[in-house]
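The basis for the numbers below is simple: all heavy atoms, side chains too, and nothing from hydrogens, waters or symmetry mates. So you know, we letter chains A, B, ... as the sequences are listed, proteins then strands, and number each from 1. Nothing here was measured: the structure is a model prediction, and the numbers come from that model.
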Number of protein chains: 2
Amino acid sequence: MSGGKLDPIDRKILAELQADGRMTNVELAKRVGISAPPCLRRVRALEEAGFIRGYHAQVNSRDLGFEVQVFAMVGLNSQAEADLSRFEQRCRDWPLVRECHMLNGEIDFILKCVAPDLSTFQSFLTEELLAADNVVTVKTSLVIRGAKLEPGVPFDVLEARAAEIE
Amino acid sequence: MSGGKLDPIDRKILAELQADGRMTNVELAKRVGISAPPCLRRVRALEEAGFIRGYHAQVNSRDLGFEVQVFAMVGLNSQAEADLSRFEQRCRDWPLVRECHMLNGEIDFILKCVAPDLSTFQSFLTEELLAADNVVTVKTSLVIRGAKLEPGVPFDVLEARAAEIE
DNA sequence: CCGATTTGCGCAATATTATTTCGCATTCGG
DNA sequence: CCGAATGCGAAATAATATTGCGCAAATCGG
């Protein structure tokens, strides 16, 4: 695993842990075809090297009382790096904003937001987001339903590419 | 935990497992202030009841060779339920599409896509997405950088609300 | 208000799993 | 062809998960 390159076993480990992050190490080892100790060493190395950023339980936000999900497309006045960074920091400070991506094109940022109800979101929108420095336009779209929510990366595509490269 | 309602310990469990999905049960028990066996029982019950949908390792897609992330805003011709469902099924079948949300407003769907490189994405865009039945407009925006990527739900907001309700 | 039922805790015992240690095989550069 | 480096896996040990109770507090019908 030295030079930062991954062999097929490493990729299999990542794929399995992406699919089930609580799999026991013995089960994982069985699936990738090596014994438990080297398997654990590989997992630790992958964590250490940053290929694995963390493990998270996927909670059902609707059941938890966050009925509203919204995508907000934000346009800024100035795209100077300092202003972009300042806006990003704002987003990090807002708990209702779960994701913030800087985009190219007319939209500068897209935010994925959650809220317990519409009025909570509206308050956030008008009092926080629209009121924020440097924000010019915000277009929001309510999520009606999530049709696909796959975490991470398509490992089947990755394997196909890896096979090509060989 | 009977009627589907959550007590403060359950919420703490969810918060902790959302933050670190591989935490051992003893550590979790320690943090939420009960002993290991009832803690494990609660976790199982939360999984069973669907509050926890699964556990996933968060892999670093860029390091894995998926350099390109794109948001695609899709407009359809017909919004009849059958047509919406057909499009959603298409999205589920496309590995490069990781998320698909149905929205209100002029945009019908927003897709979060990944690809190893731009040309792979362009091929997907022209040969698959734009060529798909019922698709009228697709606006794409490249992700320049991800400024905030918090999985799940803001438990601090949840706790604040829970406190109000009491 | 009281006893029966329910719910949920935690101790203690057992089964699984994680982690360390170490020796062996393979690879690689000289 | 040889020593160093890498990575595997068996075996031993340390932690953890899981099960099986008994017990206490809350709930409920009378």
*asked:* Please report the distance, rounded to the nearest Å, between NZ in B/K30 and C1' in D/dT16.
replied: 12 Å
*When you match B/D7 and B/R22 each to their closest nucleotide on DNA chain C, which lands nearer the 5' end?*
B/D7
*A/R41 CZ to D/dA5 P, straight-line distance once rounded to whole Å*: 17 Å
_B/E81 atom CD, neighbour heavy-atom count above 12 within 6.0 Å_ = yes
*Assess whether side chain to side chain donor-acceptor pair (under 3.5 Å) is satisfied between A/Q122 and A/T126, documenting all intermediate values.*
CA-CA 6 Å; A/Q122 294 292 7; A/T126 56; over 6 Å; no
*Charged N to carboxylate O below 4.0 Å: is that the case for B/D7 and B/R42?*
yes
*Sugar-phosphate, base or nothing in reach of A/S35, heavy atoms under 4.0 Å*: base
*When you get a sec, tell me which of C/dT19, D/dT18, C/dC22 is the closest nucleotide to the side chain of A/N25?*
C/dT19
*Between A/K5 (NZ) and D/dG7 (P), how many Å, whole number?*
14 Å
*Let me know the distance between CD of A/E27 and P of C/dA18, rounded to the nearest Å.*
10 Å
*Determine the interplanar angle of the A/F71 and B/H101 rings, folded into 0 to 90°, and report it as parallel if under 30°, tilted if 30 to 60°, perpendicular if over 60°.*
perpendicular
*For residues B/Q58 and A/P151, determine if any side-chain heavy atom of one lies less than 4.5 Å from a side-chain heavy atom of the other.*
no
*Return the value, rounded to whole Å, for the distance between atom CE of A/M23 and atom C1' of C/dT16.*
16 Å
*Residue B/P37, side-chain atoms from C-beta onward, closest of C/dC11, C/dC9, C/dT19*: C/dC11
_Proximity to the side chain of B/V26 - top-ranked nucleotide from C/dG10, D/dT16, C/dA18_ = D/dT16
*Would you mind telling me which of C/dT19, C/dT17, D/dG7 lies closest to the side-chain atoms of A/R42?*
D/dG7
*asked:* What is the distance, to the nearest angstrom, from the CG atom on B/L46 to the P atom on C/dG8?
replied: 12 Å
*Between D/dA17, C/dG10, C/dT17, which one does the side chain of B/L40 approach most closely?*
D/dA17
_A/I9 CD1 - D/dC8 P separation (whole Å)_ = 6 Å
*How many Å lie between CD1 on B/I34 and P on D/dA17, as a whole number?*
13 Å
